Amino acid sequence: GTTLGTSAAEKGRYFGAAIAAGRMGDNTYLTILNREFNSVTAENEMKWDATEPQQGRFTYTNADRIVNHARSRGMTVRGHTLLWHAQQPSWAQGMSGSALRNAAINHVTQVASYYRGKIHSWDVVNEAFADGGGGGRRDSNLQRTGNDWIEAAFRAADAADPAARLCYNDYNTDGINAKSTGIYNMVRDFRARGVPIDCVGFQSHLSNSVPGDYQANLQRFADLGVDVQITELDISGANQAAVYGTVTRACLAVARCTGITVWGIRDTDSWRTGQNPLLFDGNGNKKPAYDAVLGALNGG
Ligand code: G3I
């Protein structure tokens, strides 16, 4: 193939980008999006603060701009994200106990129902595990409603949109470490007990290198019977192009690695200000990292 999307499709995979509704009027941005990518993720527009700014009042205007654009051009959509400790609306931040649990599950049900049939994969829960060596859950208002909040969210999402792939998504899970093993144990438990989880997202916000056991880590999750996806890829540093190639080849080497999403289009669109971690420069030109990914997708 000659683009990221067509080359990935030839390998049975998608290649996506996180996009912002507010940038869709930028012609350079839109041209690259439409030419290169066959999947999109809303960078912020589907988060809890964006979709339910007041309790029980749902707003989908910006998210719909992204979803409608994608669907009209045959791109699939990754939904990001139904529940997260960050970017909660202020009304939820102060809640606790059964009131918060009920509000959270209602949020999952409402948003997943609204988009039923339009979402390829949902990040049902984002970043619920703690960093460091413990391998346990992150403390949050959601976690304090009870350890079963994650499975309750997956069951609600499954009831609302049975066709969507339901994912758990996190960062610093790129190698085999305490955090990724904690998540691995949760996924194994969910599969054993019939909790509806279909995929695990590895954000892959990387700095100049990738753990040597990256592919092995993807594979051990795939061996649990779930798909794996690289969901927020960006890579800083002088080894950028080589590391992009390594990550792409790792996904292609794992049969259940179904797609890669980069977290933005141009360096100037990135949340990592000044780090230039993406595939296109600020003028929209292809970088060596782009060539490395395209070459890897085409078997180079
Ligand atoms: O839209 C408001 C604007 O009205 C306001 O004037 C401005 C002032 O701060 O803020 C704007 O909102 C910002 C929003 O991005 C849109 O640009 C928020 O402050 C800012 O916090 C938010 O950052 C996003 C961040 O998630 C929030 O935690 C980044 O764009 C987004 O790339 C980032 O994405 C996360 C993933 O969801 C989860 N994994 C990590 C990843 C990187 O942090």
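As the structure is a computational prediction, the values presented were derived from the model and not from experiment. Computed over heavy atoms, backbone and side chain alike; hydrogens, waters and symmetry mates excluded. In each ligand, atom 1 is the first atom listed, and ligand 1 is the first ligand listed.
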Atom 8 (C) of ligand 1 touched by protein heavy atom at under 4.0 Å: no
Ser236 and Arg272: side chain donor to acceptor below 3.5 Å: yes
Atom indices of ligand 1 within 4.0 angstrom of His205 heavy atoms, with elements: 40 (C), 41 (C)
Pair Gln203, Asn126: side-chain N/O donor-acceptor within cut-off below 3.5 Å: yes
Heavy-atom nearest option to atom 39 (N) of ligand 1, drawn from Met46, Lys47, Glu45, Glu232: Glu232
Taking atom 32 (O) of ligand 1 as the reference point, the nearest protein heavy atom with its distance: Glu43 OE2, 2.4 Å
More than 12 heavy atoms of other groups within 6.0 Å of Arg57 CZ: no
Heavy-atom nearest neighbour in the protein, as seen from atom 34 (O) of ligand 1, with distance rounded to 0.1 Å: Trp263 NE1, 3.2 Å
Path from Leu224 to Ile176 over hydrophobic side-chain contacts below 4.5 Å: no
Any protein heavy atom nearer than 4.0 Å to atom 18 (C) of ligand 1: no
Nearest protein heavy atom with distance in Å, relative to atom 28 (O) of ligand 1: Gln87 OE1, 3.3 Å
For atom 38 (C) of ligand 1, closest protein heavy-atom neighbour: Glu127 OE2, 3.2 Å
Geometric N/O contact Trp271 with ligand 1, under 3.5 angstrom: no
Atom 22 (C) of ligand 1 [closest protein heavy-atom partner, distance rounded to 0.1 Å]: Asn44 OD1, 4.0 Å
Check against side chain to side chain contact (heavy atoms under 4.5 Å, CB included), Ile230 and Phe15: CA-CA 10 Å; Ile230 297 169; Phe15 206 98; over 6 Å; no
Atoms of ligand 1, numbered as shown, that sit under 4.0 Å from any heavy atom of Asn126: 38 (C)
The single option from Asp227, Asp123, Asp158 passing salt bridge (charged side-chain N to carboxylate O under 4.0 Å, His left out) against Arg165: Asp227
Ligand-residue contact atoms, ligand 1 with Gln203, heavy atoms, under 4.0 Å: 39 (N), 40 (C)
Positive for side chain to side chain contact (heavy atoms under 4.5 Å, CB included) with Asp267, one of Leu279, Asp234, Asn276: Asn276
His107 and Phe58 aromatic ring geometry - parallel, tilted or perpendicular at 30°/60° bounds: parallel
Numbering as shown, the atoms of ligand 1 that approach Trp84 to under 4.0 Å (heavy-atom distance): 28 (O), 37 (O), 38 (C)
